[in-house]
Amino acid sequence: MPYKELSGKAENDTPTGGSEAAGAEKQTLRKKILAERLLLTEEVWLQKSREIADAVQRLPEFPLFRHVLGYLPLADRREVDTSELFALLARFGKQVSIPVIAGGELVTAAYRDHEPLTTGIFGQSEPLRPVMSDERSLDAVLVPVVAADHRGYRLGYGKGFYDRFFSRLAKAECNPLRIGLAFYMQILPRIPVDPWDQPLDYIVHEQGVFQYNYCH
Ligand SMILES: Nc1nc2c(c(=O)[nH]1)N(C=O)[C@@H](CNc1ccc(C(=O)N[C@@H](CCC(=O)O)C(=O)O)cc1)CN2
Ligand SMILES: Nc1ncnc2c1ncn2[C@@H]1O[C@H](COP(=O)(O)OP(=O)(O)OP(=O)(O)O)[C@@H](O)[C@H]1O
């Protein structure tokens with residue numbers, strides 16, 4: 001089946017058709033890759049994360065970004081560290097937001113250096129006093145990845161926050177560049193896909209960049 005048919009543009013708010021088999025397979029893959037990623041030493045994790053930051057800066061679209069949604073990594077899970085990227089974005093005067101989970105949804109809040117933080121319900125860092133930003137003005141989203149494949153599909157932690165976020169934006173005809181950040185070991189030939197899964201435009205890893213062409 002061609003990718004576009006799999007790209008899971010949600011027609012309404014409660015997409016159906018996800019198979020139990022895909023769900024179980026996703027869960028097995030998540031466990032496996034998360035366990036492997038935890039084996040990265042702190043030094044290797046930070047080194048690879050810096051290489052990923054450099055590669056993001058070299059993306060041809062980077063100079064055009066005005067407003068970027070980043071994320072603050074769950075360090076104990078060895079998510080790609082974004083401190084170098086945040087420093088770069090600040091240096092180039094870009095507006096930066098981070099995700100906040102509110103009312104069961106991913107929304108965006110302004111982020112500045114030394115922003116006072118608190119811990120959100122899933123352990124992620126969020127602003128202590130979030131000031132919402134305009135998600136419709138986002139040019140790019142740096143997406144945390146548990147696993148991704150060679151078609152641009154990704155697995156997160158299984159809560160669907162990014163899938164719902166992208167499908168909401170797409171409905172409003174907002175299509176920020178979706179940039180997955182992953183270590184090379186997280187990229188697989190193929191992961192199971194459900195109808196709601198929202199593919200990425202790029203996966204940036206420590207060995208380079210994969211680019212995908214979709215109409216969202
Ligand atoms: N750094 C970071 N920030 C983020 C995300 C993320 O994946 N990474 N999110 C991406 O959506 C949102 C927060 N969502 C998250 C959802 C689940 C888990 C997580 O660790 N889940 C546990 C189960 C926790 C539970 O059910 O209580 C797990 O996978 O073991 C983390 C973040 C917004 N901010
Ligand atoms: N557009 C949507 N509207 C409503 N529910 C959705 C939508 N997209 C995904 N979901 C729900 O989110 C749940 C999580 O799906 P999945 O296992 O694909 O998560 P994930 O891709 O790992 O998570 P995330 O997007 O947070 O990183 C599914 O139960 C699905 O029904």
Side-chain angles (χ1 to χ4, degrees), residues 6-38 45 49 52 68-83 85-86 96-109 111 115 117-127 130 132-133 135 138 141-149 151-172 174 176 178-183 186 188 190-200 203 216:
L6 287 172
S7 72
K9 280 192 165 191
E11 295 297 327
N12 53 48
D13 285 327
T14 49
T16 52
S19 84
E20 273 177 40
E25 211 186 326
K26 281 181 169 183
Q27 200 47 31
T28 308
L29 279 177
R30 266 186 204 106
K31 270 199 178 155
K32 179 174 173 291
I33 302 277
L34 286 173
E36 278 177 31
R37 192 171 65 176
L38 277 184
W45 166 59
S49 296
I52 290 169
V68 178
L69 179 67
Y71 66 88
L72 298 172
L74 297 161
D76 59 351
R77 299 199 146 215
R78 293 289 190 253
E79 284 185 332
V80 172
D81 181 59
T82 51
S83 38
L85 266 168
F86 275 47
V96 178
S97 291
I98 57 170
V100 168
I101 302 301
E105 274 191 277
L106 192 160
V107 295
T108 63
Y111 179 79
E115 181 82 41
L117 298 171
T118 183
T119 303
I121 51 169
F122 298 107
Q124 77 282 13
S125 294
E126 295 185 345
M132 293 311 147
S133 57
E135 64 187 28
L138 286 168
V141 179
L142 304 172
V143 191
V145 164
V146 172
D149 74 12
R151 299 167 299 169
Y153 285 106
R154 85 174 249 291
L155 279 187
Y157 294 110
K159 298 274 190 269
F161 288 123
Y162 278 97
D163 290 329
R164 286 195 297 273
F165 176 65
F166 286 130
S167 98
R168 181 171 84 232
L169 285 183
K171 272 189 216 160
C174 298
R178 304 166 178 187
I179 306 170
L181 305 185
F183 300 116
Q186 295 174 263
L188 307 170
R190 218 175 171 83
I191 56 178
V193 172
D194 283 305
W196 55 78
D197 282 323
Q198 296 286 318
L200 299 163
I203 295 176
H216 294 303

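Atoms within a ligand are numbered from 1 in the order they appear, just like the ligands themselves. Just so you know, these numbers come straight off a predicted model, no measurement behind them.
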Which of the ligand 1 atoms, numbered from 1, are nearer than 4.0 Å to a heavy atom of Phe161: 11 (O), 14 (N)

Worked verdict on Phe165 versus Val143 for side chain to side chain contact (heavy atoms under 4.5 Å, CB included): CA-CA 11 Å; Phe165 176 65; Val143 191; over 6 Å; no

Phe161 N/O to ligand 2 N/O under 3.5 Å: yes

Ligand 2-proximal atoms of Lys26, by part, heavy-atom distance under 4.0 Å: side chain

Heavy-atom proximity to atom 29 (O) of ligand 1, best of Glu126, Arg164, Lys159, Arg77: Arg77

Distance filter under 4.0 Å to Leu72 heavy atoms, resulting ligand 1 atoms: 1 (N), 2 (C)

Ligand-side contact atoms (ligand 1) for residue partner Tyr71, heavy atom cut-off under 4.0 Å: 1 (N)

Inter-residue atom distance Glu79.CD - Leu72.CG, 0.5 Å rounding: 10.0 Å

Closest candidate by heavy atom, reference atom 8 (N) of ligand 1, pool Glu79, Arg30, Gln27, Gln124: Glu79

Audit row: Tyr71, Val141, side chain to side chain contact (heavy atoms under 4.5 Å, CB included) steps and yes/no: CA-CA 9 Å; Tyr71 66 88; Val141 179; over 6 Å; no

Any donor-acceptor N/O pair, Asp163 side chain to Asp197 backbone, under 3.5 Å: no

Shortest protein heavy-atom distance from atom 21 (N) of ligand 1, along with the residue and atom involved: Tyr157 CB, 4.1 Å

Step-by-step side chain to side chain contact (heavy atoms under 4.5 Å, CB included) determination, Ile101 to Gln124: CA-CA 9 Å; Ile101 302 301; Gln124 77 282 13; 3.5 Å; yes

Element-labelled atoms of ligand 2 that are located less than 4.0 Å from some non-hydrogen atom of Tyr162: 24 (P), 25 (O), 26 (O)

Proximal candidate to atom 9 (C) of ligand 2 [heavy atom criterion; set Tyr153, Trp196, Phe165]: Trp196

Gln198 contact mode with ligand 2 (heavy-atom cut-off under 4.0 Å): neither

Distance (rounded to the nearest 0.5 Å) between Arg168 CZ and Glu105 CD: 4.5 Å

Candidates Leu181, Leu85, Leu142, Val145 - the one meeting side-chain contact (heavy atoms from CB on, under 4.5 Å) with Val80: Leu181

Tyr111 side chain reached by Leu117 side chain, heavy atoms, under 4.5 Å: yes

Heavy-atom nearest option to atom 6 (C) of ligand 2, drawn from Arg30, Arg164, Lys171, Lys159: Arg164

Asp197, any N or O under 3.5 Å of ligand 2 N or O: yes

Pair Ser97, Thr108: side-chain N/O donor-acceptor within cut-off below 3.5 Å: no

Chi angles and distances behind the side chain to side chain contact (heavy atoms under 4.5 Å, CB included) call for Phe166, Leu106: CA-CA 10 Å; Phe166 286 130; Leu106 192 160; over 6 Å; no

Side chain proximity check, Gln198 to Tyr162, heavy atoms < 4.5 angstrom: no

Residue selection (non-hydrogen contact nearest atom 12 (O) of ligand 2) among Pro99, Gly160, Gly158, Pro192: Gly160

Ring center gap for Phe161 and Phe122 short of 6.0 angstrom: yes

Residue, atom name and distance, where the atom is the protein heavy atom closest to atom 9 (N) of ligand 1: Tyr162 CE1, 3.8 Å

Protein residue, atom and distance nearest to atom 16 (C) of ligand 1, heavy-atom basis: Phe122 CG, 3.5 Å

Sub-4.0 Å heavy-atom contact, Arg168 with ligand 2: no

For ligand 1, the portion of Ile98 having any non-hydrogen atom under 4.0 Å away: neither

Atom 12 (C) of ligand 1: the protein heavy-atom neighbour that sits closest, reported with distance to 0.1 Å: Ile101 CD1, 3.8 Å

